[in-house]
A.B. asks: 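My questions will all concern the structure given below.
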Amino acid sequence: DGGITQSPKYLFRKEGQNVTLSCEQNLNHDAMYWYRQDPGQGLRLIYYSQIVNDFQKGDIAEGYSVSREKKESFPLTVTSAQKNPTAFYLCASNQAGTGNEAFFGQGTRLTVV
Amino acid sequence: GQNIDQPTEMTATEGAIVQINCTYQTSGFNGLFWYQQHAGEAPTFLSYNVLDGLEEKGRFSSFLSRSKGYSYLLLKELQMKDSASYLCAVLYSGAGSYQLTFGKGTKLSVIP
């Protein structure tokens with residue numbers, strides 16, 4: 001089945017460690033997005049990518065990094081520079097351009113202890 | 001980022017109608033989406049508007065006024081399962097790219 005997959009669903013890391021969240025889609029979508037959601041809050045855009053080997057910073061990119069080496073994959077690294085990394089992270093994809101709904105992965109809940 | 005405003009919380013009675021409003025900055029606008037999100041889950045798509053007017057889909061309808069930078073989601077015949085957060089998202093274009101920006105969401109509680 002076509003879809004977008006994030007793994008793992010729950011992730012625990014020690015403070016000061018970098019951690020990479022996986023996002024894979026087999027929908028042949030050009031655009032991919034990473035959002036962060038804190039309790040009771042909306043989605044805030046971290047990074048997005050319209051095509052392979054290109055990506056742009058969103059509203060809260062500091063302390064995060066991404067790569068887009070393949071169309072299907074858009075991994076997010078949460079670095080030790082991110083001061084409050086504990087959050088729910090959502091990856092989404094859509095066909096670039098207007099009118100195309102974004103499909104979401106199931107999310108990764110990252111807890112830094 | 002682009003400011004997208006919606007009420008934080010709303011409460012409505014089962015069987016009633018509720019309207020959730022969303023206002024946004026109009027510069028670079030390329031379409032507006034509504035998503036539903038249950039706690040701890042990923043958002044699911046409800047509706048899309050790019051032209052002015054009303055789009056109806058079963059119990060859910062969404063309205064857009066581009067000149068006013070305004071949209072609303074209308075939920076009819078409310079059911080308990082409609083208790084969720086409703087997210088307004090705007091697709092903005094600029095410098096050759098498209099950015100999907102979300103509001104903070106409206107938490108709807110449906111009571112018996």
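Order of the sequence lines fixes the chain letters, A, B, ..., with proteins taken first and strands second; residue numbering starts at 1 for each chain. Computed from a predicted model, the values in this text were never measured in an experiment.
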A.B. asks: Using non-hydrogen atoms only, which part of A:A31 is less than 4.5 Å away from chain B: side chain, backbone, both, or neither?
C.D. replies: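 For A:A31, there is no contact with chain B at all, as no heavy atom is under 4.5 Å.
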A.B. asks: Check whether any side-chain N or O of A:Y35 sits under 3.5 Å from a backbone N or O of B:T101 as a donor-acceptor pair, and report yes or no.
C.D. replies: no
A.B. asks: With chain A as the partner, which of B:A89, B:P43, B:G103 has the greatest number of non-hydrogen pairs under 4.5 Å?
C.D. replies: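 The candidate making the most pairs under 4.5 Å is B:P43.
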A.B. asks: Relative to chain B, which segment of A:L45 carries a heavy atom at a distance below 4.5 Å: side chain, backbone, both, or neither?
C.D. replies: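 Side chain only.
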A.B. asks: Calculate, to the nearest 0.5 Å, the distance between atoms CD and CD belonging to A:Q50 and B:Q99 respectively.
C.D. replies: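 Taking CD in A:Q50 and CD in B:Q99, the distance rounds to 9.0 Å.
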A.B. asks: I need the B:F45 CZ to A:N94 CG distance, nearest 0.5 Å.
C.D. replies: 11.0 Å
A.B. asks: So for atom NZ, which belongs to B:K107, do other residues, nucleotides or ligands contribute more than 12 heavy atoms lying within a distance under 6.0 Å?
C.D. replies: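 For B:K107, atom NZ is not crowded (no more than 12 foreign heavy atoms under 6.0 Å).
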A.B. asks: Contact part of A:R44 toward chain B, heavy-atom cut-off under 4.5 Å: side chain, backbone, both or neither?
C.D. replies: neither
A.B. asks: Do you reckon B:M10 sits in the same ILVMFWY cluster as B:L74, going by side-chain contacts under 4.5 Å, direct or chained?
C.D. replies: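 Shared cluster, no.
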A.B. asks: First locate atom CG of B:L91, then atom CG of A:N100, and finally report the distance between them rounded to the nearest 0.5 Å.
C.D. replies: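 Interatomic distance, B:L91 CG to A:N100 CG, rounded to 0.5 Å: 8.5 Å.
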A.B. asks: With no hydrogens and no angle check, just 3.5 Å: does a side-chain donor-acceptor pair link A:Q37 and B:Q37?
C.D. replies: yes
A.B. asks: Looking at CZ of A:F103 and OG1 of B:T44, how far apart are the two atoms once the value is rounded to the nearest 0.5 Å?
C.D. replies: 11.0 Å
A.B. asks: Does any non-hydrogen side-chain atom of B:Y48 lie less than 4.5 Å from one of A:E101?
C.D. replies: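 No - every pair of side-chain heavy atoms lies 4.5 Å or more apart.
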A.B. asks: Quick one: what part of A:Q106 sits under 4.5 Å from any heavy atom of chain B, side chain, backbone, both or neither?
C.D. replies: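 The backbone, not the side chain.
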A.B. asks: Rounded at 0.5 Å granularity, tell me how far OH in A:Y48 sits from CG in B:L100.
C.D. replies: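 Nearest 0.5 Å value for the OH-CG distance: 10.5 Å.
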A.B. asks: Where is the tightest heavy-atom contact between A:F104 and B:A42, given as atom of each residue plus distance?
C.D. replies: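 In this case the closest contact between A:F104 and B:A42 is CB-CB, 3.9 Å.
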